[in-house]
Novice: 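The structure is given below, and queries will be raised subsequently.
Everything numeric here is computed off the predicted structure, so don't read it as measured data. Reminder, nothing fancy here: chain letters follow the sequence lines and each chain counts from 1.
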Amino acid sequence: MPELPEVETVRRMLAANVLGRTIRTVRLSGLKLRERIPADLPRRLAGRRIVAARRRGKYLLLELDDGPTVLSHLGMSGRWLFHAQPPRDRMPHVHATLRFADGSVLRFQDPRRFGLLRLVDAEALSSDPSLGILGRDPIADPPTGASLRAMADGTRVSVKVFLLDQRRIAGIGNIYASEILHRAGLDPRTRAGAVRPEAWQRVARETRAVLGEAIERMGTTFSAYRTLWNEPGSYGDQLRVYDRAGEACPTCGTGVRRIVQGARSTFYCPRCQSGRSGRLRAASGPRKAARTTASAPRRRSGARH
DNA sequence: ATCCTATCCTGTAGGC
DNA sequence: TGCCTACAGGATAGGA
């Protein structure tokens, strides 16, 4: 799942490869992603030059020379792929093909179509509904223990769910949330409002460390994510707990557990991350039951690199 | 306001 | 071998 490190990797590669290029033609699949791609996108992009590649949280922004910005989100399986020469393949699930004046091509591929392609006028960027709700970016504006604690004040949700909330910190997804909390030695079930100041400091430090190291390794390819050159990221080797239910915790050897929080998997070490205060009750309502008590180790999609 | 659940979607894995 | 089903989760609408 593309999270901040994966999106930042793609942004850097876009900056290195498509900046300054002029779009000649655009072709759309016509299929609906998270929302419909504007039908006038080809007309509005033709002849425009890409002058900036930015990122906010998990959103990518390609700024055009006449003002508007192509706003994109990779969702679960989206990819921006660059080809110096026009590709001759018939790659499935390509929803937008941008052909540049020099013959190079940029494609947006997204099998599961949770992604997003939107054109936003310069003056509307600040009021864009998706961007508008985003909290601080942990790379541009690194969190501190104090800032996290202030944001969590009075919040009753678990610290894991808190970290996933894009309105507070923009860019952390399900993989890195588990990794950050493991490295911070904090029980993912702890209520965010009850996390101690020292623990928030560790969360802040590990957020910066994990995201930074993941960017260095061009992200984590769990299944679908690829860089602009269709290469997998290599941070998967560094994952300590994510998708490792039943395996030994790299710190203490205890079996890694999988639980479900907010309908998403959380992986943690019950020994290294033992919280003695502020723990939420395991279940607060009818739930699909039985799976929350991490049973047998389950292996999934072996595509991790 | 806050929290929680269902929904969108397809590739993959596991069961039989 | 092949069919069938469950599962993965980012963002968001809508309900509690």
Novice: With a cut-off of less than 4.0 Å, is there a side-chain N or O of A:H73 near OP1 or OP2 of C:dG10?
Specialist: no
Novice: Ring centroid separation for A:W80 and A:Y225, is it under 6.0 angstrom?
Specialist: no
Novice: Over 60° means perpendicular and under 30° means parallel, so classify the ring planes of A:Y59 and A:H73, tilted if in between.
Specialist: perpendicular
Novice: Without decimals, in angstroms, what is the distance between A:M76 CE and B:dT12 P?
Specialist: 13 Å
Novice: Note every stem involving DNA chain B: at least three consecutive Watson-Crick or G-U wobble pairs, i with j then i+1 with j-1, with both distances under 3.5 Å.
Specialist: B:2-16 with C:2-16
Novice: B:dC8 P sits how many Å from A:M1 CE, rounded?
Specialist: 20 Å
Novice: Working to the nearest 0.5 angstrom, can you tell me the gap between A:Y235 OH and A:M218 CE?
Specialist: 15.0 Å
Novice: Which of the following nucleotides, B:dC4, B:dC9, C:dG9, is nearest to the side chain of A:N174?
Specialist: C:dG9
Novice: Send over the distance from A:E3 CD to C:dA8 P, rounded to a whole Å.
Specialist: 16 Å
Novice: Quick check for you: among B:dG11, C:dG10, C:dA8, whose closest atom lies nearest to any side-chain atom of A:P111?
Specialist: B:dG11
Novice: To the nearest angstrom, how far is A:E35 atom CD from C:dA11 atom C1'?
Specialist: 11 Å
Novice: Scan A:S77 against the nucleic acid and name what it touches under 4.0 Å (heavy atoms): base, sugar-phosphate only, or nothing.
Specialist: nothing
Novice: Tell me every residue that passes side-chain hydrogen bond (donor to acceptor under 3.5 Å, both in side chains) with A:Q201, counting only those two or more places apart in sequence or in another chain.
Specialist: none
Novice: Between A:D102 and A:R24, is the closest basic N to carboxylate O distance under 4.0 Å?
Specialist: no
Novice: With a 4.0 Å limit, can you tell me whether A:Y242 has a side-chain N or O closer than that to the phosphate oxygens OP1/OP2 of C:dG9?
Specialist: yes
Novice: May I ask you to evaluate whether A:Q166 reaches the phosphate of C:dA11, defined as a side-chain N or O under 4.0 Å from OP1 or OP2?
Specialist: yes
Novice: Grab the CZ-P distance between A:F114 and C:dC7 for me, whole Å please.
Specialist: 16 Å
Novice: Rounded to the nearest Å, what distance is computed from the CG atom of residue A:L164 to the P atom of nucleotide B:dC3?
Specialist: 14 Å
Novice: Using salt bridge (Lys or Arg N to Asp or Glu O under 4.0 Å) as the criterion, list what pairs up with A:R112, not counting sequence neighbours.
Specialist: none
Novice: Of the listed nucleotides (B:dG11, B:dC3, B:dC8), which one gets closest to any side-chain atom of A:H93?
Specialist: B:dG11
Novice: Tell me every residue that passes salt bridge (Lys or Arg N to Asp or Glu O under 4.0 Å) with A:R107, counting only those two or more places apart in sequence or in another chain.
Specialist: A:D89
Novice: Give a yes or no on whether a salt bridge exists between A:D128 and A:R118, defined as a side-chain N under 4.0 angstrom from a carboxylate O.
Specialist: yes
Novice: Which whole-number value in Å describes the distance from A:D110 CG to C:dG10 P?
Specialist: 13 Å
Novice: Might you list the N or O atoms of the protein lying below 3.5 Å from N or O atoms in nucleotides 12-16 of chain C, with each pair's distance?
Specialist:
residue: C:dT12; atom: OP1; partner: A:R34; partner atom: NH1; Å: 3.2
residue: C:dT12; atom: OP1; partner: A:S130; partner atom: OG; Å: 3.0

Novice: Here's a test of your reading of the structure: between A:G154 and A:R112, which maps to the more 5' nucleotide of DNA chain B?
Specialist: A:G154
Novice: How close or far is atom P of C:dG9 from atom CG of A:L163, stated in whole angstroms?
Specialist: 16 Å
Novice: Could you check whether A:K32 gets within reach of a base, just the sugar-phosphate, or nothing at all, counting any heavy atom under 4.0 Å?
Specialist: nothing
Novice: With a cutoff of under 4.5 Å between side-chain heavy atoms, which Ile, Leu, Val, Met, Phe, Trp and Tyr residues group with A:V105?
Specialist: none
Novice: Which of parallel (below 30°), tilted (30 to 60°) and perpendicular (above 60°) describes A:H95 and A:F108?
Specialist: tilted
